[in-house]
Amino acid sequence: MSIPAAVFARLPKTDLHLHLDGSLRPRTVWELAQEQKVKLPAKSPAELAKKLVAGPRVKNLGDYLKTFDLTLAVLQVPEALERVAYELAEDCAAENVRHMEVRYSPILHQQKGLRLPEILEPVLAGLKRAERDFRLSTGVIICGMRNISPRKSYELARLAVAYRDRGVVAFDLAGEEKDHPASDHRRAFRFIAEHNLSSTVHAGEGFGPPSIAQALHDCGAHRIGHGTRLHEDPELLGYVNDHRIPLEVCLTSNVQTRTVKSLKEHPFRRYLDLGLRVTLNTDNRTVSNTTLTREYALAARAFRLSPYQVKRIVIGGFKSAFLPYAEKARLLRQVVTEIDAVFMEALPDSYDRAGSTL
């Protein structure tokens with residue numbers, strides 16, 4: 001059954017894997033560069049927009065990450081950080097994202113000497129302001145970086161714990177996996193666990209199952225960012241499935257970084273059929289030139305998803321959110337009713353909400 005594209009925009013959704021520095025409006029990058037006198041390799045906003053997208057020139061994850069040099073150049077002052085956080089929430093709310101978790105590494109925003117709290121607080125302020133203006137909840141995930149000293153990751157873990165009651169919901173480890181094992185950063189994750197804060201780790205994107213195993217067993221991750229290569233280890237896949245560890249899947253990004261050769265080769269449908277808790281996310285709205293609505297439409301078309309499978313994925317996102325249980329339960333009750341209403345209106349002759357198995 002073909003699901004009309006407009007349906008995906010109307011569905012309530014979560015974006016749990018969303019990088020702040022990869023999701024700026026191109027016009028905003030241009031304006032911030034003008035204000036800050038930052039030189040850009042473009043003569044117009046239109047030309048800049050093309051350079052902010054990871055196109056065919058990208059050969060691997062390392063190439064993909066180079067695009068962030070442009071956005072990071074204008075994200076070194078508090079006012080810019082607050083603005084882009086607010087605008088990102090506004091853009092997500094416009095496509096009915098009800099809960100978003102924004103991640104970034106404050107360590108990458110110190111080129112002008114800002115202290116870590118001065119980098120975190122504007123983002124929290126921008127998101128809180130957006131919560132008041134739009135219909136969504138937000139959280140910040142602070143990222144340690146694999147290719148930076150584990151001491152810095154520990155420092156960032158302490159920052160995450162210090163702000164856990166002010167909007168920080170989890171700690172992450174990002175960056176290139178190859179030659180930068182997650183186990184090097186176990187001290188930071190031990191600190192996170194000792195203070196009962198949630199964690200997620202980028203794994204199985206630029207390296208295979210051993211990277212995912214380290215994320216789970218050395219770092220105690222509650223979710224896995226990407227997890228694309230999990231299928232290469234059936235035993236580990238069974239562990240992830242049995243323990244209901246969510247995968248933060250980012251389809252467009254995985255194709256761009258050459259983690260998979262094409263969408264047809266992506267294991268998403270296999271994971272779904274096996275019962276894994278898979279969630280759909282954008283990764284980087286600007287760099288990947290995508291939206292969450294587009295990711296759902298892409299998945300539905302490529303993997304021939306039924307409305308019930310789409311519903312399961314959407315609900316999996318809300319179940320996997322780093323939210324307090326009571327708030328999550330309230331949100332789930334609300335969105336299940338909304339999902340049914342959207343599908344019953346769009347597909348009145350074929351959608352039976354009682355037939356859905358979650």
Side-chain angles (χ1 to χ4, degrees), residues 11-19 92 97-103 137-143 169-174 177 182 189 192-193 196-205 209 211-234 236-251 253-254 259 266-283 292 295-296 299 303 305 309-325 327-329 331-332 335-336 339 357-358:
L11 289 173
K13 297 175 288 291
T14 61
D15 200 340
L16 306 180
H17 193 116
L18 175 59
H19 288 270
C92 286
V97 173
R98 294 294 178 76
H99 177 72
M100 57 182 283
E101 293 174 3
V102 182
R103 63 185 72 193
S137 58
T138 69
V140 167
I141 299 176
I142 291 180
C143 298
V169 296
F171 183 71
D172 179 28
L173 186 64
E177 291 174 74
F189 283 93
I192 291 295
N196 304 305
L197 189 62
S198 297
S199 64
T200 179
V201 173
H202 283 69
E205 180 188 21
S211 178
I212 300 172
Q214 283 190 21
L216 295 172
H217 305 312
D218 291 332
C219 300
H222 299 104
R223 295 193 322 228
I224 294 295
H226 299 289
T228 316
R229 296 181 61 182
L230 176 63
H231 65 96
E232 297 174 18
D233 187 337
L236 185 62
L237 186 152
Y239 177 90
V240 169
N241 201 9
D242 293 344
H243 290 267
R244 313 310 296 146
I245 298 165
L247 301 182
E248 305 160 357
V249 177
C250 309
L251 295 173
S253 170
N254 287 165
T259 303
H266 200 288
F268 178 83
R269 177 60 192 248
R270 180 182 173 188
Y271 292 163
L272 186 66
D273 290 343
L274 289 171
L276 274 77
R277 183 168 291 172
V278 289
T279 68
L280 281 174
N281 312 276
T282 56
D283 201 2
L292 193 57
E295 293 299 300
Y296 269 90
F303 307 117
L305 301 179
Q309 289 168 321
V310 172
K311 178 179 178 179
R312 188 174 132 206
I313 296 164
V314 172
I315 290 176
F318 285 98
K319 285 184 174 180
S320 304
F322 291 139
L323 284 168
Y325 175 75
E327 185 176 348
K328 188 184 299 187
L331 201 51
L332 272 166
V335 300
V336 167
I339 294 167
T357 56
L358 304 177

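Index from 1, following the sequence.
- We find that K13 and E295 are not joined by a salt bridge, their nearest charged nitrogen and carboxylate oxygen being 4.0 Å or further apart.
- A side-chain donor-acceptor contact under 3.5 Å links R103 to the backbone of L16.
- A donor-acceptor contact shorter than 3.5 Å is absent between the side chain of D172 and the backbone of I142.
- With contacts defined as side-chain heavy-atom distances shorter than 4.5 Å, the pair T138/V102 does not qualify.
- A distance-only check finds no donor-acceptor pair linking the side chain of K311 to the backbone of I339 [under 3.5 Å].
- Checked by atom type and distance alone, the side chain of R98 never pairs as donor or acceptor with a backbone atom of F318 at under 3.5 Å.
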Intermediate values then yes/no, side chain to side chain contact (heavy atoms under 4.5 Å, CB included), V335 and V314: CA-CA 9 Å; V335 300; V314 172; 5.7 Å; no
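- Remark: E232 engages P209, R229 in a side-chain contact (heavy atoms from CB on, under 4.5 Å) (not counting sequence neighbours).
- Between the R223 side chain and the S320 main chain, a donor and an acceptor come within less than 3.5 Å of each other.
- Scanning all heavy atoms of the two residues, the minimum distance from C219 to A182 falls at SG-O, 3.6 Å.
- At least one donor-acceptor pair under 3.5 Å links the side chain of T279 to the backbone N or O of L247.
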Does the side-chain hydrogen bond (donor to acceptor under 3.5 Å, both in side chains) test come out yes or no for T14 and H99, once each step is laid out? CA-CA 5 Å; T14 61; H99 177 72; over 6 Å; no
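- Residues L251 and A299 come closest through the heavy atom pair CD1-CB, 3.6 Å.
- Crowding of R270 atom CZ: a count of heavy atoms from other residues, nucleotides or ligands under 6.0 Å not exceeding 12.
- A distance of 8.5 Å separates NZ in K328 from CZ in F322, rounded to the nearest 0.5 Å.
- Atom CD1 of I192 sits about 11.5 Å away from atom CG of L173, to the nearest 0.5 Å.
- Proximity of L230 to L276: side-chain heavy atoms (C-beta onward) are separated by under 4.5 Å at one or more points.
- Closest of all the heavy-atom pairs between T200 and G225 is OG1-N, 3.8 Å.
- With hydrogens and angles disregarded, no donor-acceptor distance shorter than 3.5 Å links the side chain of E177 to the backbone of S211.
- A distance-only check finds no donor-acceptor pair linking the side chain of Y271 to the backbone of L237 [under 3.5 Å].
- Here the closest heavy-atom approach between residue S253 and residue D283 is recorded as OG-OD2, 2.6 Å.
- Y296 contributes atom OH, which lies 7.5 Å from atom CG of N281 (distance to the nearest 0.5 angstrom).
- Considering only residues two or more places apart in sequence or on other chains, H17 meets the ring pair (Phe, Tyr, Trp, His ring centres under 6.0 Å) condition with H19, H202, H226.
- The closest side-chain heavy-atom distance from L331 to L323 is below 4.5 Å.
- Here the shortest heavy-atom pairing between S198 and V169 reads CB-O, 3.7 Å.
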Test side chain to side chain contact (heavy atoms under 4.5 Å, CB included) applied to L11 and V310, step by step: CA-CA 10 Å; L11 289 173; V310 172; 3.8 Å; yes
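- Note: L216 CG to H222 NE2 = 10.5 Å, rounded to the nearest 0.5 Å.
- To the nearest 0.5 angstrom, H266 atom NE2 is 8.5 Å from H231 atom NE2.
- Residues F268 and N254 fail the side-chain proximity criterion, which asks for heavy atoms closer than 4.5 Å.
- Inter-residue side-chain proximity for V278 and R312 is flagged as unmet; no heavy-atom pair is nearer than 4.5 Å.
- Rounded to the nearest 0.5 angstrom, L18 CG and T282 OG1 are separated by 4.5 Å.
- Without hydrogens or angle criteria, N241 side chain to L274 main chain gives a donor-acceptor distance under 3.5 Å.
- E205 places no side-chain N or O within donor-acceptor distance of the main-chain N or O of T259, the cut-off being under 3.5 Å.
- Contact check for L305 versus I313: side-chain heavy atoms found under the 4.5 Å cut-off.
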